[in-house]
Amino acid sequence: MLKEAIYHRPKDNFAYAYDDKTLHIRLRTKKDDVKKVYLIYGDPYIWENGEWQTEKKEMRKSGSDDLFDYWFTAIIPPYRRLRYGFELHDENDMLIYTEKGFYDEAPKDDTAYYFCFPFLNKIDVFKAPEWVKDTVWYQIFPERFANGNEKLNPKGTLPWGSADPTPTSFFGGDFEGIIQHLDYLVELGINGIYFTPIFKAPSNHKYDTIDYFEIDPQFGDKQTFKRLVDLCHEKGIRVMLDAVFNHSGYYFAPFQDVLKNGEKSKYKDWFHIREFPLQPKPIPNYDTFAFVGEMPKLNTENPEVKKYLLDVATYWIREFDIDGWRLDVANEVDHQFWREFRQAVKAIKPDVYILGEIWHDSMPWLRGDQFDAVMNYPFTNGALRYFAKGEVKASQFANIITNVLHSYPNNVNEVAFNLLGSHDTPRILTICNGNKEKVKLMFTFQLSFTGTPCIYYGDEIGMTGGQDPGCRKCMIWDEDKQDRDLFAHVQKLISLRKTYKAFGNRGELRFIETNDETNHIAYTKTYEDETILFVLNNSNQELEWTLPLHLKGKLLTNLWTNEQFAADTNEIKTTLSPYGFLIYKVEKWK
């Protein structure tokens, strides 16, 4: 056994409280190196005849990536505390792995050898809102969704959809337009809306806030927004707003005061200023988002800034009953601010959803004291590379997704925000070079994956567009110009996700087959006694697929066609069209 590859730490994604009774424990070993793993465990205070009393439980392999195998087990310690180690077997040898290193036999004379989970304190259990697990989000860029009140149009507003968007163009999207099309979202199956910023700002994207307490007048007023939120709630739709707390806009009143009064401004400590007078160009002499002089970075360690932003966060929950905050550039804001942010908003509404925009490993933000979830860009990148771009084959895609699932605790994965596209990325149909069948496969995988999926407005009807601003075209409302076949595909997937618990967020995903030659994948989703099998043919060739032997004697229901058949022969073959898929519910044959 390769000792250097064996790894565990008694925290984060390797040992965590799944609920107030259950511990989840994982171990990592070199791929294909270890054949069996047992957890050696016991209460640290139970001894007999001078010997620590332990039990053993076999761990199961929960997945593999290109370098490692991962092993998993769940334990309910009767006294909520645990000391533990691992017994590993390969073809010939046995090895004991503990916090103090490797041994030929399990030490029994002292628990200090072993990994320690000191006590399962209920307050330390990661808890995210339960409703998120059953939510399918729809991201709306308000300026481009629908123009419902042309009286609100900014100066120079263009006729709806009359031109490709530019960084500075306006088309007049507003709240009334969204209200008029809520039934469209209900028809699709959406029960959560994520709005990009709606607060007063000069741009079309509104990430350069002027006033965090005011709605941008091009969208409407507070009364209209309240009506929008209330109507969403009546239709079973949650509402999440975008909080841009890393930076303000250039015309934010405190920043304007610093521009005017320099070192004498009472707001000079609201920002990170290196020298006076302020110079926005060519490289700002104050910290900004990237090097954009129009977006000065806020000093969230400053007590006045902190109070202002926390007042903003609680105001929109208290007064308008919003259900979530998406936090822009969340990784560049200090952790202590986010801890206080969580305490403040959860005190107003305990089940509010806190979502951070982080594109990299996010474990430091997901320990239960800051965010409920992050935008799952590792999932996004893996799906785009496999389905859309063809940069990786089936086995590597399975490795990527397995790594994603093992990067965080399961209770974190269950509320991860899984997106394929957004206002920051090219449209998925464009990335697929116009191949709609590839887009269908991506939606099939996304909507059967663990977490809470998000659809970027218009992707469900085949809208196209390159990198920002091309991905921000006006929503197409003429049904003759919408891809209604693609809409029906997404609609049916959402319906299946809501109908079968294993299909959606509660099912555990296991890859059962990957084939680089044919480039297909097969995986199961299992929840309690319910199992659903997925086969995705990510290839421009027909695939003849043989059902695995373990399905013999099962009743299979095709969830797309409702056809049923009993797998009662030794070999059953089926044919998938290019970029086709199969979805079977697997049951005992009575």
Side-chain angles (χ1 to χ4, degrees), residues 141 143-144 164-170 196-212 216 242-265 267-302 304-306 308-309 312 325-338 341 355-362 364-365 374-375 377-378 380-381 419 421-426 465-472:
F141 192 86
E143 220 286 315
R144 303 292 156 77
D164 287 337
T166 71
T168 57
S169 58
F170 288 88
T196 54
I198 64 170
F199 307 126
K200 189 175 181 181
S203 65
N204 54 37
H205 55 73
K206 312 302 179 191
Y207 282 96
D208 49 350
T209 313
I210 293 175
D211 191 335
Y212 291 83
D216 192 283
D242 208 323
V244 191
F245 289 174
N246 173 68
H247 55 270
S248 74
Y250 187 80
Y251 296 103
F252 181 50
F255 188 69
Q256 286 292 303
D257 192 274
V258 179
L259 284 170
K260 179 180 178 182
N261 298 310
E263 288 186 85
K264 295 181 180 179
S265 171
Y267 296 108
K268 65 183 175 66
D269 293 329
W270 279 45
F271 306 93
H272 298 267
I273 299 168
R274 291 189 288 277
E275 60 184 5
F276 293 94
L278 300 190
Q279 299 289 338
K281 296 182 184 301
I283 300 293
N285 59 0
Y286 50 92
D287 290 341
T288 62
F289 168 68
F291 291 107
V292 182
E294 293 77 20
M295 294 182 175
K297 182 174 174 62
L298 291 161
N299 179 10
T300 48
E301 296 177 38
N302 180 293
E304 293 176 356
V305 174
K306 188 180 294 187
Y308 175 84
L309 294 178
V312 170
W325 279 112
R326 181 264 190 186
L327 311 172
D328 189 59
V329 202
N331 58 338
E332 296 186 22
V333 177
D334 64 277
H335 288 279
Q336 182 57 27
F337 175 81
W338 291 133
F341 175 91
L355 172 68
E357 183 207 16
I358 300 180
W359 293 57
H360 52 81
D361 177 32
S362 307
W365 289 267
V374 294
M375 302 179 80
Y377 280 106
T380 310
N381 294 334
L419 65 161
S422 76
H423 66 292
D424 288 325
T425 61
Q467 191 67 48
D468 162 30
C471 57
R472 302 176 180 180

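Keep in mind the model is a prediction, meaning the values are calculated, not measured. In this chain, residues are counted from 1 in sequence order.
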M375 side chain reached by L419 side chain, heavy atoms, under 4.5 Å: yes
List the steps, then state whether side-chain contact (heavy atoms from CB on, under 4.5 Å) holds for C471 with R144. CA-CA 10 Å; C471 57; R144 303 292 156 77; over 6 Å; no
Nearest-0.5 Å distance that lies between atom CZ in F291 and atom CD1 in I283: 5.5 Å
Kindly compute the distance separating CZ (F271) from NZ (K297), expressed to the nearest 0.5 Å. 12.0 Å
Do L309 and F337 have side chains that approach each other closer than 4.5 Å (heavy atoms only, starting at C-beta)? yes
Would you please name every residue forming a side chain to side chain donor-acceptor pair (under 3.5 Å) with H423, sequence neighbours left out? Q139, Y207
Mutual orientation of the aromatic rings belonging to W325 and F341 [parallel < 30°, tilted 30-60°, perpendicular > 60°]: perpendicular
Given side chains that start at C-beta, do those of N246 and E357 come closer than 4.5 Å, heavy atoms only? no
For F252 together with Y308, are the ring centres under 6.0 Å from each other? yes
ring-ring contact (aromatic ring centres under 6.0 Å, His included) partners for F170, two or more places apart: none
With sequence neighbours left out, what residues match K281 under salt bridge (charged side-chain N to carboxylate O under 4.0 Å, His left out)? E294
State which residues pass side chain to side chain contact (heavy atoms under 4.5 Å, CB included) with Q279; sequence neighbours excluded, sorted by chain then number. P277, N285
Restricting to side chain to side chain contact (heavy atoms under 4.5 Å, CB included), what partner residues turn up for H335, sequence neighbours left out? R339, P364, W365, Q370
Is there a side-chain contact between Y377 and S422 in this structure, where contact means two heavy atoms from C-beta onward sitting under 4.5 Å apart? yes
As an exercise, state the distance from CG of D287 to NE2 of H247, rounded to the nearest 0.5 Å. 13.0 Å
By side chain to side chain donor-acceptor pair (under 3.5 Å), which residues pair with W270, not counting sequence neighbours? E304
Hey, what do you get for CZ (F141) to CG (N204), rounding to the nearest 0.5 Å? 5.0 Å
Tell me if a side-chain donor or acceptor on N302 pairs with a main-chain N or O of D269 at a distance below 3.5 Å. yes
For F276, enumerate each residue passing the side chain to side chain contact (heavy atoms under 4.5 Å, CB included) test, keeping only those at least two apart in sequence or located in another chain. V258, E263, K268, I273, L278
Could you check Y286 against F255 for ring-ring contact (aromatic ring centres under 6.0 Å, His included), going step by step and ending with a plain yes or no? CA-CA 11 Å; Y286 50 92; F255 188 69; 5.3 Å; yes
With sequence neighbours left out, what residues match D216 under side chain to side chain donor-acceptor pair (under 3.5 Å)? K206
For the pair R472 and D164, find out whether any cationic side-chain nitrogen is under 4.0 Å from an anionic carboxylate oxygen. no
For A330, enumerate each residue passing the side chain to side chain contact (heavy atoms under 4.5 Å, CB included) test, keeping only those at least two apart in sequence or located in another chain. L327, W338, I358, F371
Within the structure provided, determine whether N381 and P378 are in side-chain contact (heavy-atom separation under 4.5 Å). no
D208: which residues meet the salt bridge (charged side-chain N to carboxylate O under 4.0 Å, His left out) condition with it, sequence neighbours left out? none
For residues 242-251, which residue pairs qualify under salt bridge (charged side-chain N to carboxylate O under 4.0 Å, His left out), counting only residues two or more places apart or in two chains? D242-R326
Applying side chain to side chain donor-acceptor pair (under 3.5 Å), name anything that partners D334, two or more places apart in sequence or on another chain. T300
Would L259 and Y250 count as a side-chain contact (heavy atoms from CB on, under 4.5 Å) here? Give the steps. CA-CA 10 Å; L259 284 170; Y250 187 80; 3.5 Å; yes
